[in-house]
Every structure is written in structure tokens, then in C-alpha cells.
Protein chains: 2
Amino acid sequence: MVRSDARENRERILVVAREVFAEPGEASLNQIAQRAGVGAGTLYRHFPTREDLVLAVYQDEVERLVGAAPELLAANAPIDGLRLWTTDLVAAMRQKHGLGEALGQSAHQAAADRSYGPVMAVITAFFEAGKADGSIRVDAHPADFLMLTGALWRAIGHADADSGRMLELILDGLRTR
Amino acid sequence: MVRSDARENRERILVVAREVFAEPGEASLNQIAQRAGVGAGTLYRHFPTREDLVLAVYQDEVERLVGAAPELLAANAPIDGLRLWTTDLVAAMRQKHGLGEALGQSAHQAAADRSYGPVMAVITAFFEAGKADGSIRVDAHPADFLMLTGALWRAIGHADADSGRMLELILDGLRTR
DNA sequence: ACCTGAACACCGTTCAAGT
DNA sequence: ACCTGAACACCGTTCAAGT
């Protein structure tokens, strides 16, 4: 039985952690605990290690994005919905850049692996809608789109590349002509 | 004018740091200073930040490998020399895995960029020797070899891939037939 | 059953005092 | 001109005492 205060504390820590990780500079776990209004031991109880906390925030973010997809799909033309969703994804990954730096390469990989399925499911849903209404080429592959998108957010910090324009380029490749 | 004790201290710190980074687990800068027999302030004077130290060790390693190449080239058939050199490179990169985890993704990229030129020069030298004596295909590209080798050491920690066998496969692709 | 927050060992960093 | 090492503020982590 999980006590309600425990659940609330966990949620509050997660919210603060997401804010803090999005900010520039590092923050200590003690600071996060303080900002969340909980004792240091409470944070440690919920997230034994910094990595656990980072992973939980990451996971939360992916779930939020995946959960928002059906609404975008219902309210927009497939390609437009996909653009909106991918823009959100890239924005989230920009934050995760801050997260990813804190994560070891292996933990990072594990996190990416875990989110692969749900993310692919979302992309596939947009693709199928687009293929059904004739706006997306029938021979377009969701996996290719994900790979290109991955290259896109990997390029974010590096170059002065305009991610919006790059995304447009990728989306153009999907269109029927 | 650099005093000789300063140079010796720097060298000693670098040697200890290389050892320490190769060991499992983390080590504090204070511990490294102590093991190197210098005061904490001395380490800090030479390497203002942890990243500076990691980068210096990395740089040192690449220089050592590049410096050892001519000898290998002189004493072996081109393909054999290349195998020996690449094996050393992969072994060094395996250690660098420990280094790389400590480095931010951007600093890591910068370090890789800086070593690209010298490493390519070495590979090119082996290739030219091999093309001259007819053991390596004239249409083989050093850049391709480096890319495949990169994929090789990226796979090290991940899978149970036998890097020796993978290297042999790559080398076979270079041979004239 | 869970939380608080003082306490602990240790971290990176600084700087007065030495040579 | 450079080094030492005590000192400082702060870190992650623990745990007795509370509710």
C-alpha cells in the first residue's frame, strides 16, 4: 500500500527535477529535495541514485509525449500532426541533452531502447493515417523517419542547423507527389 | 620559462591519471594528486578542471600511438602492421571508454575531431605502403577503414563481439585478390 | 509506513605560507 | 616561479527521531 503523501512527494520531486534539469548548470540532489519541499532522505528513498531520478524524468517525458499523440492525430492532417509531434519530441530531446550528459553512455542507450517501441508506435500511427488519406507515400518507412529525426536532434547542439527547416526537408520526403 | 619540477609534476600527474582512469570506479582529483605525490593545488594549477585532465590523458595516448606507428610500419608487412596498430588503438579506446563517460558529449566530440587528422595520417601511411607492394587494393579508402574501426570499438562494451575477429574481417576487405 | 533534517565522510577548489 | 596542504563550502548518503 502506497501512502498518498509518498505518491505526492514522488510526483513533486519529479516535477522539480524536470524544471531543474532544463535549467543550465548543475543542481545537487539536496537542492532538488529542498526545492521540492522534502527531506533529503525522502528523495533518496524514492530515487536511490541520481541516475534513477534522471531516468524517471526521461521516462515521464516520453510517456507525456506518447500520450499527447492521439489528440494531435485527431485534430490535424497526418503530416501536420507529425510535424507538431516531432517538434515536441525534438524540444524534449533538447532538454534531455541536459539529462543525457548526466547519464552514462550505457544508461543512455538503455533509456533510448526502452522508449523505442512507444515512439515507433506513434510514428507508425501518423504514417498509417497519411497513407490512408493519400498524403504520405505508401513506401515510406517509420524506422527511416525515426533515424533521420534522431540525426536531427543529435545535430542540435553541434551546428547552427535550423531544426525546423531540417524537419521540413524530412517531411517533404514523405509526401506523395 | 617552465621549471623542471613543474614539468615533472605534470608528467607524474598524467601517468597516475592514466592508471586511475583505466581502473574501474571513480577517483577524486584529490586522490590522484595524493597518488602522484603532489599537493591538490599543484594538480589544479596544471589542470584547472577535470575535463582538462581527461583531455590531456586522451591527447597523450593518441600521440603515443601515432608516434609508435612508424616503427610498426618499418618492422611489418603493411597489413600486419595495420592490424597491430589498430589493435593498440582499440585497446586504448577501450580505456577511453572510461574517459569518455566522464567527458561531456561535446568535449568528447572535440577530442575526437582533434585526433582525426593524425590518426588518418597513420592509416593512410599503412595504406600507401600496402598499395605500393600490392597487398592492399588500390581502391581502398582510409576514411572507410577508420569508420569501420570506429564502429568496432563502439561495439566493444555493448555486445560480446570478438573485436579481433571483426578486425580480421575488415582487413580481409582491404586485401587484393 | 513514511518523512525530516542534522550529521558524516568526502568532494572540488582556494590560498596563505613556504622553498 | 612553483609547491604544499590546511581550510572552505558543498556534495551524496545515512539514520535516529518524529508523525
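Convention: sequence-line order gives letters A, B, ...; per-chain numbering from 1.
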I'd like to know if A/Tyr44 and A/Leu53 are part of one continuous hydrophobic network [Ile/Leu/Val/Met/Phe/Trp/Tyr, side-chain heavy atoms within less than 4.5 Å]. no

Residue pairs passing the side-chain hydrogen bond (donor to acceptor under 3.5 Å, both in side chains) test where at least one lies in residues 167-177 of chain A, sequence neighbours excluded: A/Arg83-A/Glu168, A/Asp172-A/Arg175

Between A/Val122 and A/Leu65, does a side chain to side chain contact (heavy atoms under 4.5 Å, CB included) hold up when you go through it step by step? CA-CA 9 Å; A/Val122 167; A/Leu65 282 164; over 6 Å; no

Chain B on DNA chain D: first and last contacting nucleotide, 5' to 3', under 4.0 Å to a heavy atom? D/dA1 to D/dG5

Would you mind telling me which residue lines up with the more 5' stretch of DNA chain D, A/Tyr44 or B/Thr42, judged by nearest nucleotide? B/Thr42

Between B/Asn30 and B/Arg10, the residue closer to the 5' end of DNA chain D by nearest nucleotide is B/Arg10

Nearest heavy atom decides the nucleotide; on that basis, is B/Ala40 or A/Val38 closer to the 5' end of DNA chain C? A/Val38

Whenever both distances are under 3.5 Å in a Watson-Crick or G-U wobble pair, mark it; put DNA chain C into dot-bracket that way, with [ ] for crossing pairs and | when the partner is on another strand. ||.|||||...|||||.||

Hey, are A/Ser28 and A/Asn30 close enough side-chain-wise for a donor-acceptor pair under 3.5 Å? no

Are B/Glu128 and B/Lys131 close enough for a salt bridge, meaning some N to O gap below 4.0 Å? no

Classify the nucleic acid contact of B/Ser28 as base, sugar-phosphate or nothing, counting any heavy atom under 4.0 Å across all strands shown. sugar-phosphate

What's the verdict on salt bridge (charged side-chain N to carboxylate O under 4.0 Å, His left out) for A/Arg35 and A/Glu23, showing C-alpha distance, side-chain angles and the deciding distance? CA-CA 14 Å; A/Arg35 272 179 59 167; A/Glu23 293 168 7; 3.2 Å; yes

Remember a base hit wins even if backbone is also touched, and classify B/Ala6 as base, sugar-phosphate or nothing at under 4.0 Å, heavy atoms. sugar-phosphate

Give one of base, sugar-phosphate or nothing for B/Asp5, where a contact means two heavy atoms less than 4.0 Å apart. sugar-phosphate

Taking C-beta and beyond as the side chain, do A/Leu14 and A/Phe47 meet within less than 4.5 Å on heavy atoms? yes

Do other residues, nucleotides or ligands put more than 12 heavy atoms under 6.0 Å from B/Glu71 CD? no

